[in-house]
Structures are given as C-alpha cells and as structure tokens.
Protein chains: 4
Amino acid sequence: MLNKNKKENLIISSALKMFSKNGFYNTKVADVAKSIGMSVGNFYNYFPSKNSLAKSSIVFVSKKLAMKLKYINEQEISSKQKINLFVKSYLVFLTKHPEMINYFFKVYLGNRELFCENEDCGFEFAKEFVDELKKMIDNGIEKKEFVNQDFFICFSCIAGILGGITFLNSENVLDKDLEFYVDSLSISIYKSISYPCE
Amino acid sequence: MLNKNKKENLIISSALKMFSKNGFYNTKVADVAKSIGMSVGNFYNYFPSKNSLAKSSIVFVSKKLAMKLKYINEQEISSKQKINLFVKSYLVFLTKHPEMINYFFKVYLGNRELFCENEDCGFEFAKEFVDELKKMIDNGIEKKEFVNQDFFICFSCIAGILGGITFLNSENVLDKDLEFYVDSLSISIYKSISYPCE
Amino acid sequence: MLNKNKKENLIISSALKMFSKNGFYNTKVADVAKSIGMSVGNFYNYFPSKNSLAKSSIVFVSKKLAMKLKYINEQEISSKQKINLFVKSYLVFLTKHPEMINYFFKVYLGNRELFCENEDCGFEFAKEFVDELKKMIDNGIEKKEFVNQDFFICFSCIAGILGGITFLNSENVLDKDLEFYVDSLSISIYKSISYPCE
Amino acid sequence: MLNKNKKENLIISSALKMFSKNGFYNTKVADVAKSIGMSVGNFYNYFPSKNSLAKSSIVFVSKKLAMKLKYINEQEISSKQKINLFVKSYLVFLTKHPEMINYFFKVYLGNRELFCENEDCGFEFAKEFVDELKKMIDNGIEKKEFVNQDFFICFSCIAGILGGITFLNSENVLDKDLEFYVDSLSISIYKSISYPCE
DNA sequence: CATGAATGAGTGTTCATTCAT
DNA sequence: GATGAATGAACACTCATTCAT
C-alpha cells in the first residue's frame, strides 16, 4: 500500500491537471477523488479541505521549480548561461508538465483569494521558487552581469517573460514547439536585465 | 435617467472592482447589484447572465487599453519613445484603475474557462488591445528598431514584463510608487526586444 | 401574500411539530421547507440557518407560555388559585399544542448545545417565561403564601412537576385525559411550596 | 487484560461524559473510541452501533440509580425518611457523577427517537429505576403516608422536582452546593405527595 | 423598467460503519 | 482482538436565474 505521503502526491498530481484545465471552482472534490479511484470521504483523510489541496498543490509545484533552479544556481557558469539553462529547463518542464506551470500562472496567480486570508500575504506558498530566483538575480547583480537595479524589475523581466510565453502556449496560439523559443527567449530575458553592449 | 449603455457601464465598473478584489466566483450577482443600488432582477435586464458580465467587462477593459495604445501608435515618434509612453500610460492607468488591469491579469487570464467555450478561443475578448499591441510591434520591426523575430517573443516581453510588475503591485510587495519604475521598466522592455548596442 | 413575520411563524409552527416529534437532528431543513410547500432556498430567506430556527422556535414558545402566565399573574387572586389556573391553562395548552411544550422540554432542555455557545448561557431563550414564573413565585412568597425559601426550590417544584407529567404524557403512559390531573397536580404543586397546615 | 464486560463499561463511562456534555449527535464514535485509546474499528467489537451504546448507557445509569433506591427501600424506616435519604443520595450522586444524571435527563429524555422505535415504548430502558421508584411510592401509599392518588402524580412530583434541580444545576445557575438543597428539597417533595397537616 | 421572493440543482464536508490486514 | 483506511449516503447551505407583481 502507498504510504500517506505518496497518496497525497497522487492526489495533488491529479488535482493539478484538473484545476489547471477547468479551474479550481469548476473542479469538484468528487471529480478529484474519482480521478484516482478514491472515495470522497477518503479524500478528506488526506486533505482537510479542498482549499488546503490547492495550497499544498502550489507548494508542490513551487518546490519542483525551485529544485530545477537550485541545480542551475549551483553551477559555476555565467549568469547568461544560467538564464539559458533555466529557460530551457523551464520550457521542457512546461512541455512535460503543463499542468504544473499552468496551475502556477492561472490558479495561483489568478485566484489569490484561495491562498490569501489577509491583504498582504505575498507569495508565501511559492516562497521556495521565488527565493531561488532571487538568488540567481542577486548573484548576477553581484557579478555585474545584470544591471544593478531594483530587484522587482529583474523579477518582472524573468518571471514575466516566461509567464508571457506560458500563456500563449496554454492558449495554443504558438505555431512552433516550445523548444524553438529557447534561445530567442533566453536572449531577450538576458538583454532585458543586462547592460547593453557588453 | 441614465440610458441603457450608461447603466451597463456602471454595472461593469462596479463588477470590475469586486471581481478583481474577490474573484469572479466569490462575487455574487446580488453583491454587484447591491453595490450600485440595483435589484437582482433588474440586473438581468442589462446582462443575460453573470458570465456575460464577465465577458463584457474584459471587452470594456481591453478597449480602454487599446485606446491608450492607439493614441501612442498614431504619434510620429521612435518605437523606443512609444514604449516609454506606453509604460508610463500603463502604470498611471494601473495606479488609477487597478481593478481594470487586475481584472485583465487575474480574472481574464486566470479563469479561462469563463471566456472560452472551446479549446482554441485565443484572446478574442482582448482582441482590441492585442491588435493594437501587434501594430506597435510590427511597426517597430518594420522600422528595424526591434529585432526581426517571432512576434510571440516580442509580445511576451512587453505584456509579460508589464504583467510581472502588475502582480508585484497587486500583492503590495513593491516598496515604491509605480511611477518610480517607469523608466527602468521601459528600458528593460526596450532592451529585451531591440538590437543590443544600438 | 403573507408578510415576512407571518411566514416566519408558519415555518416555526411546522418546525415545532417536526422537531418535537423526530428531534432536531432527524429533521432536515428540506423536510421543514417541504412541509409548508416552500423551497429549501427560500427557507433561508427567513432564517439564516437551521440552528437559528431552533432558537426562534424556543423564543416563540416561551412567549406563548409567558403570555398565559402573565394573564394569570395580573389577576387579584390568591397564589393557590393562580397555581390552579396555571396548571389548568398549561394542561389545556399541552393538549392543544403538545409540539410547543414538548419542544421546550425535549429539544430545548435536551439539546443544550444548540442554544448555548458558552458554558453559562442559562435559559436565555426562555427568559420571557422564566421571568413571568419568577414573578408568580416572588409574589407568593411576599404574600406569605409560599414558604420563604430558595427560589430554585420553588422553581423546581413548579416547573419540575409540570415537566414530569409532560414527559409521561408524551410517552403515552397516562391512562386518563390531561384534564383529569388538573386538580391533583395543582394541589401537589401548591403543597410542595406552601406552608403545611394552612 | 480487561474482560469484555469491563471494557464495555469503560466505553460507557467515557461515552456518558461526552454524550451528556456535547449531546449524542455531536459526539462522534471516533471521539468516544479515542477518549479511551481505542481504535474505531475495535469499538465495534463491543457495540454493534453508536445507537446501541446509547441504549446500553441508559441501562447502565438506570441500574446504578435503581441500586441506590433499592438499598433505601429495603430499610425499615418511614417514607418521609426514605425520601430524605433518596434525595441526599441522589444529590451526592449528581455531584459525583453529573454525567450519569445529565445523560438520563438530557439525552434519554430529550432524544427519545434514539431509544424508541415505535410510538409507545415507554421508559423501557429506565425500567429498573422506574420500578424501584414505583415500589417506594406504592409502599408509601399502602402505609398511608402518601395521599392515595394517581401513581403518575406521585411520580411526577418526585422525579419532576429532582429533574428540576438537576437542570438548574447543569446550567450552573445554582448559587450554592447541591448538598445545601437536600433538606428543603426532601421536604418539598414529601409535602407534595403526603397529606397536609400530618 | 424595477423589485425581491422563490426556485432547486449543486457542492463541500461529515461520519457511522465496514473490512482487509 | 485490534487497527485505521476506505466507503458513500446524507445534509446544510449557496446562488444564478426566473417571474409575478
């Protein structure tokens, strides 16, 4: 028998697909349960509420992304190369697990009320990923590879541009495979935050 | 007495605030109606359904944004200047009407199921804005001010970076006024899509 | 059309019957609604919750009983006669509206958790009746018709003995009509709280 | 290891506390099981259902009370003294085991649907206690110490008055210790069923 | 146009009970 | 006997929408 943690992940994996496809509110607890052959009642042995599943799900995704970024951050390469590796890693992941990325951009960013009780909750559930991204940015600034500017500008450039391509992809408007965009995207991102005419 | 169209806009204005603050699903038709002193029944004289209000709302926002961009596009200035004007215009608008921008980024992009019946609906309800943005991009490429690359890359850079700052702003994590970011953001956006070392 | 208050009373009347017969927990909101030809949703236009219906119901009963007792209290007769009138009035009421009395003794006294949030809520929802009973007792003590003793003793004698016969009646163990017990019950009650050998 | 019967009593003891405090319907089988460090599944090795636990519990209480009354009944003393002893014994028991008395008056009398399948089930589960009380009453009447009246009147007087003080006690409205009320209560009860001017 | 009472399908959650281990 | 994961029917409450007035 699967242990508790394994089963939780099984639920999350299925929920991510359903939430990202049909939205949190149009996905019923019964749907999630049934999708993995589990009874409704038993679902509640693993998550105390539908909402807590949403929260655990974003933590799950955030950790996955953080791991990939951490692996890149730990290498002794230039920031430019790091960005290239990250974009590639991100797009491969998006191809393989669109539900995770889409969950992040659609459900997490689009339905803040699910994740925030008070006004200023920030991105606490995506902390792990955001922190790792911060590391990359800080390191790039430190090494003078990135313009020494407001952190939030950098953050918007990296996360924003990737978010942009993600939305276009999820709406099926892109005419090429994601892989195709790796280089041009990394260059764009790099240009946006680095000094012109290096 | 207000004519039908005026009243529709009144409803939309109030709905935008509520939808963007609490989400579409947590805003009840009764709440919207009450917020402008209207009865529930009467609401349905102006919109056939809650969902149609959501659609009209995004068209409303898209038109507003398109107008601003159109005004900029019509000027005889460099693309670089256009981007600067657009960023400024955008951030001023975001300051004045966060509900509109947030509605666009959160409700519209985050709850696609509300606006898409089939799989490939694209951004039909934001068409006016997207088209105008396309004009700016195409013009910049034509004039060799932007790298002649895939349109979607450019789109992701412009809309993505602005989206990034928008999310940071709506989560109250920015420590300065939006105005502060105008120049650095426009430079970043411009750098991302233009040739290096101009 | 019935006004709001009339409809509330209609709901309460029906709920009293169902609650007292099958218990609060075995009576579904849908049952109550259906019993008076009302939809479930509409029920909630009159009461915010099932629990609030239970509370309103006991207030309703308490008021009815208080009224009867008040009418008796206002007469210029001896306490002995008051008790006789009250017992008669009570038993007639019990015959005519067993659901009200049974609701009081079974649901209200038997399911305190429904009516008490904190530990010491006392009998706040039956206040009107209890207050009127207190008046009768205080008056009898003042006029030296009742032994000058602890109020709670008197209260237990009056309410307790009536409660006793009420339970026997609701269990269908009594072999005679309630009317039959009027005199012996009033004498017993009177004896229990008055001086022996008057 | 405890034998089956001992464990049943252990369950009952804990259940009495929880049922009397929070009500039958707000006490979950899992709560009862956990309260004595037992698994849910194992609970069902001792009681076939939650409802049967409720029934066994009232029999348990009824037997305890019957025993005390039996001991008193067997003494060669006047009915007046018996009543005094019974009241004392009752109040001491109530002080020591409020859960048992409260279970009787609240859960058993207040939720008849739990104990009665048909309409006329009487007090079958409290038979032992009721029978013993009947013995005391019959004996008093026989010895002309009590008025020769309807049995149910006597029953209501004794059980009702004790029930009255019990409710007041369980609602924490009494300002003195229960012991304080022993004499006045026994006198009141005795007066209520005996001839005036003995 | 305007009202708001009425509808009723729908949903998150609970919990007594079962049963494989 | 003992465990606790699994079941699934049940229920309070919601809310978009309708419609009589």
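Here is the naming used below: chain letters follow the sequence lines, and residue numbers restart at 1 for every chain.
Among the atoms of the strands shown, base atoms are found under 4.0 Å from some heavy atom of B/Val40. Here A/Thr27 lies in heavy-atom contact (under 4.0 Å) with sugar-phosphate atoms only.
Rounded to an integer number of Å, the gap from CG of D/Asn26 to P of E/dA16 is 10 Å. Regarding B/Leu53, its CG atom lies at a distance of 11 Å from the P atom of F/dT17, rounded to whole Å. One interatomic measurement links the two molecules: NZ of A/Lys50 to P of F/dC13, which rounds to 20 Å at whole-angstrom precision. Atoms NZ (A/Lys34) and C1' (E/dT11) sit 14 Å apart, rounded to a whole Å. In this structure, the OH atom of B/Tyr25 is 12 Å from the P atom of E/dG12, given to the nearest Å. Across the protein-nucleic acid pair, D/Phe43 atom CZ and F/dA2 atom P stand 14 Å apart, rounded to whole Å. Between the C1' atom of E/dT18 and the CG atom of A/Asn42 lies a distance of 13 Å, rounded to the nearest Å. Rounded to an integer number of Å, the gap from OH of C/Tyr44 to P of E/dT11 is 17 Å.
Where D/Ser39 and B/Ala30 each meet DNA chain F at their nearest nucleotide, the meeting point lying more 5' is that of D/Ser39. Two residues, C/Gly37 and A/Lys28, neighbour DNA chain E, and the one matched to the more 5' nucleotide by heavy-atom proximity is C/Gly37. If you find the closest nucleotide of DNA chain F to C/Val29 and to B/Phe24, the one lying nearer the 5' end belongs to C/Val29. Between A/Pro48 and C/Met38, the one whose closest nucleotide on DNA chain E sits nearer the 5' end is C/Met38.
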- Apply salt bridge (Lys or Arg N to Asp or Glu O under 4.0 Å) to B/Arg112 and B/Glu124, showing your working. CA-CA 11 Å; B/Arg112 304 301 289 137; B/Glu124 57 173 304; over 6 Å; no
- Would you sort out whether A/Tyr25 and B/Asn26 count as a side-chain hydrogen bond (donor to acceptor under 3.5 Å, both in side chains), showing the intermediate values? CA-CA 10 Å; A/Tyr25 294 100; B/Asn26 285 307; 2.9 Å; yes
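Taking only side-chain nitrogens and oxygens, B/Lys7 comes nearer than 4.0 Å to OP1 or OP2 of E/dA2.
Taking the centre of each ring, D/Phe115 and D/Tyr108 come in below the 6.0 Å mark.
Between A/Phe125 and A/Lys55, the shortest heavy-atom contact is CZ-CD, 3.5 Å.
Atom OG of D/Ser20 sits about 10.0 Å away from atom CE of D/Met18, to the nearest 0.5 Å.
Across all strands shown, F/dT14 forms a Watson-Crick or G-U wobble pair, both distances under 3.5 Å, with E/dA9. In this structure E/dT21 sits in a base pair with F/dA2, meeting the Watson-Crick or G-U test at under 3.5 Å.
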